[in-house]
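Each remark here refers to the structure printed beneath this line.
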Number of protein chains: 2
Amino acid sequence: MVVETTTYDPHGFPPFAVTVDVVVLTMSDGRLHVLLVRRGVPPFEGMWAIPGGFKRPEESLDEAAQRELLEETGVDGASLLRQFGAYGDPERDPRMNVVTIAYIAVLRDVQGIAGGTDAVAAALVPLSQILNGKIELAFDHAQILRDAVERVRTDLALTGIATAFVGPTFTLAELRAVYEEVWGVQLDAANFRRSVLAEKGWVISTGRRARPGPEGGKPAELYRAGRMWRHGAPIRYAQPSGKRRGSK
Amino acid sequence: MVVETTTYDPHGFPPFAVTVDVVVLTMSDGRLHVLLVRRGVPPFEGMWAIPGGFKRPEESLDEAAQRELLEETGVDGASLLRQFGAYGDPERDPRMNVVTIAYIAVLRDVQGIAGGTDAVAAALVPLSQILNGKIELAFDHAQILRDAVERVRTDLALTGIATAFVGPTFTLAELRAVYEEVWGVQLDAANFRRSVLAEKGWVISTGRRARPGPEGGKPAELYRAGRMWRHGAPIRYAQPSGKRRGSK
DNA sequence: CAGGGTTATGGTCGTGTCAACCAAAACCTC
DNA sequence: GAGGTTTTGGTTGACACGACCATAACCCTG
């Protein structure tokens with residue numbers, strides 16, 4: 001009975017469970033953290049896992065991710081919620097076939113995130129703890145998390161999502177710290193400032209200035225996020241408009 | 001009964017159908033084409049659709065995509081098969097809830113692709129016909145296709161997947177045509193050559209030369225694909241190594 | 001209040017890449 | 001052989017990048 005494999009026919013389909021997992025990333029104390037929950041039931045009982053839940057039949061995937069984010073963190077109106085992968089290996093859940101759609105949520109550090117509406121234990125864990133394997137995650141969540149970080153890394157370079165990590169108003173040093181932490185590099189403050197300000201409309205200067213920390217220093221200008229837009233096409237050597245050379 | 005929403009429990013789950021759709025892209029006659037199949041059963045009977053099928057419980061998502069690609073095109077050992085999105089809107093299939101995982105397969109132009117193993121009608125359709133809405137697709141496949149093209153566009157700029165479009169041996173003009181078609185721009189042949197050759201190991205010169213077409217021209221050098229690798233980190237202003245300035 | 005420490009911000013400048021263009025080489029057809 | 005076409009190599013001005021210096025404006029300590 002293998003007719004119509006190309007134009008699928010949902011009669012007699014093999015049933016799957018579909019879940020949505022949300023990797024909540026935030027900068028806390030200058031380091032990248034991820035929100036994890038502790039499993040209370042087998043399998044992987046007592047281990048840390050990425051929060052997630054079932055997709056409901058009446059909602060879309062994006063809506064399911066938003067709902068999960070709201071339930072876990074209380075944060076509404078996803079500042080940044082992007083789907084980045086689907087995982088469906090047969091062995092990923094020992095009980096049955098579960099296909100999960102993974103999302104990234106980038107949040108600025110909010111107090112009280114660790115306590116969701118549910119009674120399960122939740123915590124913000126430094127990402128370094130997981131990437132070196134010091135904390136083991138349930139299911140294939142370690143792989144999902146690695147993919148999420150990789151996605152954030154490229155998004156940081158290609159789009160303007162860095163402003164989602166910082167508060168509604170921020171200094172350029174805070175913004176620079178996001179790049180430095182995610183990429184693990186040190187950036188030149190002066191050159192970074194020029195490059196950020198060169199992309200017009202992406203950060204907007206409020207008139208105000210931040211109070212320096214206990215270490216002193218010149219008070220930094222305060223900015224707010226502008227439009228978070230995708231960088232233009234990185235296609236090079238485009239012809240001006242007129243004639244062509246070396247064409248077929 | 002809303003306990004344990006965070007650490008999902010596959011008992012009493014809502015069942016979904018999970019399918020895998022494969023957007024097969026190829027360059028044919030100098031233009032970008034996509035492989036479509038014509039639906040033989042309602043709904044959307046008689047309309048064109050992206051080939052796809054059910055995920056089987058014993059296979060992973062990637063394996064399901066490879067199997068579908070093999071069934072539709074006869075092509076084995078996916079030259080380039082990447083997952084790029086999941087779609088699960090409740091209304092996307094009028095009969096029931098179907099979540100589909102979408103893949104891109106980039107193939108070089110192969111004769112006889114249009115005839116798959118199944119008896120369904122299949123054809124290579126120019127992409128422009130669909131993007132201007134001249135051909136309507138079933139389900140949400142128009143959106144999936146738009147997303148696929150967008151993904152290929154960025155992948156073309158960021159990785160070396162362009163070689164997947166051309167044959168096992170190719171001229172730089174053929175490679176340039178891929179970029180020009182996907183991005184819809186005209187590129188300078190001399191500058192393009194320099195940029196491609198600058199990325200060492202990505203195209204490798206065989207000694208041979210291609211025979212020029214009927215229009216004449218100097219015979220072009222023949223290359224073969226090297227390693228198709230991800231470009232390095234586009235992070236700027238990284239500090240050399242020593243001291244720091246403007247740090248916190 | 002003076003001084004040292006720290007950070008933010010602005011400026012400079014050599015190097016390298018990019019893009020536009022030119023020119024020669026090597027083929028085709030007529 | 002002439003004219004056309006394509007590939008390939010070369011040149012050159014503009015501009016971005018990266019390294020570094022200098023100054024401004026705060027902190028803290030004595």
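Residue numbers start from 1 in every chain, and the chains themselves are labelled A, B, ... in the order their sequence lines are given, proteins ahead of strands. Note that the structure is a prediction, hence the values are computed from the model and not measured.
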List in chain and number order the residues that pass ring pair (Phe, Tyr, Trp, His ring centres under 6.0 Å) with B/Tyr223, two or more places apart in sequence or in another chain; answer none if no residue qualifies.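 With neighbours one apart ignored, the set is empty.
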
Under a 3.5 Å distance rule, please check whether [X] uses its side chain to pair with a backbone N or O of [Y] as donor and acceptor.
| X | Y | result |
| --- | --- | --- |
| B/Gln186 | B/Glu180 | no |
| A/Thr154 | A/Arg151 | yes |
| B/Arg209 | B/Pro219 | yes |
| A/Arg108 | A/Thr26 | no |

Between [atom2] of [N] and [atom1] of [X], the distance in whole Å:
| X | N | atom1 | atom2 | answer |
| --- | --- | --- | --- | --- |
| A/Glu221 | D/dC26 | CD | C1' | 15 Å |
| A/Arg208 | D/dA25 | CZ | P | 19 Å |
| A/Asp188 | C/dT9 | CG | P | 13 Å |
| B/Leu197 | C/dT17 | CG | C1' | 16 Å |
| B/Leu222 | D/dT6 | CG | C1' | 14 Å |
| B/Phe192 | C/dT17 | CZ | C1' | 17 Å |
| A/Gln186 | D/dA19 | CD | P | 13 Å |

Could you give the distance from CG (B/Asp147) to CZ (B/Phe84), rounded to the nearest 0.5 Å? 6.0 Å

Below 3.5 Å is the cut-off: list the nitrogen or oxygen pairs between protein and nucleotides 11-13 of chain D, distance only.
none

Look at A/Asp155 together with A/Arg82 and state whether they make a salt bridge at an N to O cut-off of under 4.0 Å.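 Salt bridge present between A/Asp155 and A/Arg82.
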
Grab the N/O contacts between the protein and nucleotides 24-29 of chain C below 3.5 Å, and write none if there aren't any.
{"unit_1": "C/dA26", "atom_1": "N3", "unit_2": "B/Lys218", "atom_2": "N", "d": "3.3"}
{"unit_1": "C/dC27", "atom_1": "O2", "unit_2": "B/Gly217", "atom_2": "N", "d": "2.8"}

Would you say that more than 12 heavy atoms from the other residues, nucleotides or ligands in this model lie under 6.0 Å from the CZ of B/Arg224, or not? no

Hydrogens and angles aside, do B/Tyr103 and B/Asp62 bring a side-chain donor and acceptor to less than 3.5 Å of each other?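 Distance-only check passes for B/Tyr103 and B/Asp62.
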
Listed nucleotide nearest any side-chain atom of B/Arg193, set C/dA8, D/dT8, C/dG11: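 Looking only at side-chain atoms, B/Arg193 lies closest to D/dT8.
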
